[in-house]
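Report on the structure given below.
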Amino acid sequence: MEIFLDLNRDLNLFFIPRRFFMEEKYSPKGVEDKWQSFWAEHDSFRATEDPEKTKYYLLEMFPYPSGKIHMGHVRNYSIGDVIARFKRMQGFNVLHPMGWDAFGMPAENAAIQNKSHPAHWTYDNIAYMRGQLKRLGLSYDWERELATCDIDYYKWEQQIFLEMYKKGLAYKKVSPVNWCPKCETVLANEQVEDGACWRCDSIVQQKELEQWSFRITAYAQELLDDTYKLAGGWPERVLTMQRNWIGRSVGCEIEFPLENGRSKVKVFTTRQDTLFGATFMSLAAEHPMAAELTTEAQRAEVEAFVEKVKKTDRIKRGSDDLEKEGVFTGSYCINPVTKERMPIYLANFVLMDYGTGAVMAVPTHDQRDFEFASKYGLPLKVVINPEGETLDPATMTEAFTGEGIMVNSGSFDGISNTEAKEKIADYLEAEGIGKKTVNFRLRDWGISRQRYWGNPIPVINCDLCGVVQVPEKDLPVVLPMDAAFTGEGGNPLAQVPSFVNCTCPQCGEAARRETDTMDTFVQSSWYFLRYCSPKFQGGPLNREKVEYWMPVDQYIGGIEHAVLHLLYARFFTKVLRDLGYCNVDEPFSNLLTQGMVIKDGAKMSKSKGNVVDPNALIERYGADTARLFSLFAAPPEKDLDWSDQGVDGSYRFLNRVWRLVFDVLPAVKNAAPADLETLSAEAKNLRRAVHKTIKKVTEDIDGRFHFNTAIAAVMELVNTLQGFEGKTAPENVGVVREAVESVVRLLAPFVPHFTEELWAELGYTGSVEQAGWPGYDAEAVVDEEITVVIQVNGKLRSKLLVAPDVQEETVKQAALADDKIQVFLEGKSVKKVIYVPGKLVNIVVA
RNA sequence: GCGAGAGUGGCGGAAUUGGCAGACGCACCAGACUUAGGAUCUGGCACCGCAAGGUAUAGGGGUUCAAGUCCCCUCUCUCGCACCA
């Protein structure tokens with residue numbers, strides 16, 4: 001097939017002499033190779049600090065080096081490259097770096113499978129993928145490239161870790177984890193599928209393990225507050241997700257004394273207004289007081305219940321509408337305001353890791369408590385009535401959670417429950433029963449991973465001294481190259497004696513090196529800062545350079561990182577600020593979340609067989625077409641529906657532009673700029689179209705990122721230009737040249753190789769980027785005549801061509817006199833005539 | 001269940017501030033050039049109708065001279081959270 005195709009093309013060359021000239025045929029491969037070399041030779045995208053220029057830091061989320069790039073990458077990086085090139089053409093000093101999120105489990109799995117080393121696999125992949133990105137013609141400053149598995153990167157992270165440790169921001173605690181007994185490793189929640197290990201299908205166990213954590217909760221309030229500063233720059237839904245995740249709620253901590261007086265149960269509630277209606281107490285099964293509260297008579301039942309709750313894994317426990325269940329402990333506490341006895345239950349819906357793990361149960365005003373009380377026959381007491389109504393506990397079928405008037409609440413009766421919230425809180429504080437508190441849903445960030453391919457946590461465990469920091473002079477703790485990857489026996493690091501065995505820096509006795517490595521989210525939490533001074537050897541960050549470049553002006557990536565990565569990165573930036581490394585509060589001023597690339601209605605995946613391979617695409621059409629289509633088919637934030645035929649269309653468009661340029665080239669090559677005084681009407685119209693297009697494309701790209709409509713506008717201009725009769729007539733060549741040059745410059749951010757080549761053909765030396773972004777002539781975009789639409793009763797009936805400065809009365813009269821309009825006015829009376837200047841006339845008749 | 005967003009031709013999508021619905025592209029149809037066309041060019045293309053005209057932005061109601069756009073209700077889909085006390 002290929003041979004026939006080529007043969008045909010050659011015949012074509014023979015029959016149409018014009019095509020003898022080699023340079024007239026658009027051949028992406030040659031053009032792209034040529035300009036990629038040019039950019040490399042000229043260091044075209046090198047970013048250097050220049051206080052004279054306004055900086056613009058553009059960043060796309062760096063990829064995991066999984067092997068090869070996919071269409072999602074092509075889209076992500078094409079979007080970023082348009083902005084980078086556009087801003088550069090506008091004269092900004094653009095920083096546009098690229099690197100690799102290079103630690104992670106797939107490398108370790110590959111090592112097990114191929115009996116090789118994760119480093120080899122990772123660096124091989126990086127080399128291959130770097131080549132792929134270069135073939136896309138992305139304008140990165142490759143001098144700043146970094147991989148998070150480079151010693152030169154992770155050693156600085158170890159230093160940061162130790163500083164966090166000193167400040168109490170990194171600490172060790174026992175926390176529950178998903179544990180695969182076969183792999184002998186901790187699994188992340190997303191690696192547990194239906195309660196089984198994603199790799200070996202073993203049943204995942206819940207285990208308590210000593211884990212390293214970062215105290216992100218210390219920054220909960222600031223992380224929440226600053227989401228309001230980001231409003232406008234970030235999509236509202238991402239901010240909402242972060243706010244929900246942080247989950248601040250205001251309420252009270254209230255203490256309920258036990259009946260026996262020996263101790264107290266502390267609860268957190270946001271509904272202290274319902275305190276008088278609290279008739280029993282619900283505790284989490286894991287609550288530390290559960291055992292001591294259990295009476296002998298209840299022991300067997302309680303233990304069976306606790307066992308059952310523990311068996312339900314943590315994911316299932318939340319998911320389904322789990323039937324509310326509980327068990328009576330046999331003990332009672334006292335409601336501190338009513339002095340009534342409250343039986344203490346353990347309940348499966350009470351979570352140990354939210355609030356205090358204990359809930360005061362108000363069955364009349366909380367739906368869960370209502371269901372629980374119904375099931376176990378517990379007392380109901382109404383303390384809030386809806387306005388003008390009286391609730392009867394005996395006939396209630398569900399809890400009343402709305403607002404109303406207080407009853408059965410002592411001195412608080414008769415006021416609204418919102419008012420009572422404040423008053424009861426004050427009362428509790430005054431009486432010493434409770435205090436106002438703020439509770440967060442956000443929990444500390446567990447960073448321990450029992451894996452090899454990660455950044456080693458730089459501490460030593462000594463039997464005598466406990467946890468001891470690795471002294472700064474001994475950093476970095478380097479991953480040993482001689483670990484064995486068998487897939488068995490847990491963390492490979494723990495099986496390298498030369499790594500594990502060490503001496504305690506404090507007492508000099510034999511000790512064991514920590515073998516946990518850090519979560520890969522740690523590396524991606526500060527890479528954007530390191531890009532500012534990627535080779536700096538005086539510390540993690542060169543403060544001066546960070547101050548020049550940060551914050552990132554535009555960050556681009558997938559919505560899947562809306563919470564974790566973006567929250568961790570915000571947290572880490574604030575920590576580095578407080579450690580004195582930088583002065584940045586928020587790392588990303590603007591965030592663009594791009595949609596997925598889908599095909600045939602589904603996300604591209606091997607199993608669906610709908611994967612488009614970027615290599616094949618570039619091979620067949622070139623990088624410019626691949627970029628153009630992925631930008632044209634949908635606006636960035638929406639999902640992109642891949643269409644092979646659509647790609648053809650983009651390729652055809654480039655060919656059309658190419659032919660157009662070469663068609664007019666001989667005529668316009670040496671054309672002088674047009675004399676605006678003597679232009680023909682047609683030429684003037686063309687020039688107006690050119691400047692209107694420049695205006696629209698500029699506005700569509702800048703801020704709005706609507707590349708699809710920007711490209712559509714250029715297509716329209718190309719269509720206009722193509723239909724322009726006297727393209728090569730001497731009196732028009734000045735305007736035609738301006739038009740062609742504008743098309744090339746406007747397309748430059750989208751299809752950079754293509755436009756570089758045409759720019760050179762137009763007789764320029766150097767990159768089209770140096771020509772800068774075209775500005776539009778405000779005078780040229782003003783219409784000489786405008787179309788005013790005439791409606792009768794809101795329906796389009798006719799159109800009118802008028803001068804832009806026409807008087808309202810003139811237009812109205814002309815509209816009423818219009819032949820087509822007359823027909824609709826016959827036998828009716830005109831009630832009103834509405835004129836929207838320059839747009840329409842609406843004649844209201846009856 | 002709660003929260004957010006979306007629903008426009010055969011398809012991807014336009015319509016930026018309440019003012020011509022369907023830009024641009026794909027697919028399709030017709031024609032031109034051609035030994036040939038999966039190249040290129042010209043024209044057509046929401047639906048009904050011969051036409052005049054009518055009907056159309058998930059469905060129903062409302063506000064307005066005017067609604068894809070604003071308000072209310074319903075349906076469907078996507079995403080997030082999912083017993084958060």
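Note that the coordinates shown come from a computational prediction; the quantities given were computed from them, not determined experimentally.
In this structure, A:D818 does not pair ionically with A:R797, as no charged nitrogen and carboxylate oxygen lie closer than 4.0 Å. Remark: A:K436 engages A:E422 in a salt bridge, criterion side-chain N to carboxylate O under 4.0 Å. Note on A:K692 versus A:D783: salt bridge recorded, some NZ/NE/NH1/NH2 to OD/OE distance being below 4.0 Å. For the pair A:E323 and A:K375, the salt-bridge criterion is met [side-chain N within less than 4.0 Å of a carboxylate O]. Checked for salt-bridge contact, A:D663 and A:R659 miss the test: no charged N lies under 4.0 Å from a carboxylate O.
One can place CD1 of A:I834 at 9 Å from C1' of B:U64, the figure rounded to the nearest angstrom. One interatomic measurement links the two molecules: CG of A:D639 to C1' of B:G7, which rounds to 14 Å at whole-angstrom precision. Distance CG (A:L654) to C1' (B:U40): 16 Å, rounded to an integer number of Å. Atom CD1 in A:I559 sits roughly 19 Å away from atom P in B:G3 (whole-Å rounding). When rounded to the nearest whole Å, the span between NZ of A:K832 and P of B:A66 equals 9 Å. In this structure, CG of A:L796 is placed 11 Å from C1' of B:G19, rounded to the nearest angstrom. Between A:D641 atom CG and B:G13 atom P the separation is 6 Å, expressed in whole Å.
Checking the phosphate oxygens (OP1, OP2) of B:U55, a side-chain nitrogen or oxygen of A:K795 falls inside 4.0 Å. The phosphate of B:C84 (OP1 or OP2) has a side-chain N or O of A:R368 nearer than 4.0 angstrom. In this model, the phosphate group of B:G54 is approached by a side-chain N or O of A:R797 to a distance below 4.0 Å at OP1 or OP2. OP1 or OP2 of B:A85 has not a single side-chain nitrogen or oxygen of A:Q367 nearer than 4.0 Å.
Put simply, the side chain of A:K839 and the base of B:C20 share no donor and acceptor less than 3.5 Å apart. You'll find a donor-acceptor pair under 3.5 Å spanning the side chain of A:K696 and the base of B:U16, going by distance alone.
Heavy atoms of A:Q722 sit under 4.0 angstrom from primed sugar atoms or phosphate atoms, though from no base atom. Across all strands, A:Q791 comes closer than 4.0 Å to base atoms (heavy-atom distances). No engagement by A:D366 is indicated, since no non-hydrogen atom pair under 4.0 Å with the nucleic acid exists. Within the nucleic acid shown, A:V844 comes within 4.0 Å of sugar-phosphate atoms alone, with no base atom in reach, counting heavy atoms only. If you check every strand for non-hydrogen atoms under 4.0 Å, A:K831 touches nothing.
A cation-pi arrangement is absent between A:R620 and A:Y651, since the terminal nitrogen or guanidinium carbon is not both under 6.0 Å from the aromatic centre and inside a 45° cone about the axis.
Atom OG1 of residue A:T274 and atom CZ of residue A:R271 lie 5.5 Å apart, to the nearest 0.5 angstrom.
In a base pair of the Watson-Crick type (N1 to N3 plus N6-O4 or O6-N4) or a G-U wobble (N1-O2 and O6-N3), with each distance short of 3.5 Å, B:A21 is matched with no nucleotide. Here B:G43 sits opposite B:C29 as a Watson-Crick or G-U wobble pair (both hydrogen-bonding atom distances under 3.5 Å).
Looking at A:S249 and A:Y354, their side chains do bring a donor and an acceptor atom within 3.5 Å of each other. A:R243 and A:T227 are linked by a side-chain donor-acceptor pair at a separation below 3.5 angstrom, with hydrogens and angles left out of the test.
Residue-to-nucleotide proximity on RNA chain B shows that, of A:Y354 and A:L840, the 5′-proximal contact is made by A:L840. Summary of the strand contacts: A:M360 and A:G723 both lie near RNA chain B, and taking for each the nucleotide with the nearest heavy atom, the more 5' one is attributed to A:G723.
Rounded to a whole angstrom, the distance from the P atom of B:G31 to that of B:G54 is 34 Å. Across B:G5 and B:G10, the matching P atoms stand 29 Å from one another, rounded to whole Å.
Around NZ of A:K421, the count of heavy atoms belonging to other residues, nucleotides or ligands within 6.0 Å exceeds 12.
Of all heavy-atom pairs spanning A:L428 and A:C252, the tightest one is CD1-SG, 4.4 Å.
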Using nucleotides 22-26 of chain B, report all nitrogen or oxygen pairs with the protein that are shorter than 3.5 Å.
residue	atom	partner	partner atom	Å
B:A23	O2'	A:E716	OE1	3.3
B:A23	O2'	A:E716	OE2	3.0
B:G25	OP1	A:N719	ND2	3.3
B:C26	OP1	A:R652	NE	3.4
B:C26	OP1	A:R652	NH2	2.8

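Contacts between residues 230-246 of chain A and RNA chain B, defined by a heavy-atom separation below 4.0 Å, involve A:R237, A:M241, listed by number.
For B:G9, the glycosidic angle deviates from 0 by 90° or less, giving a syn base.
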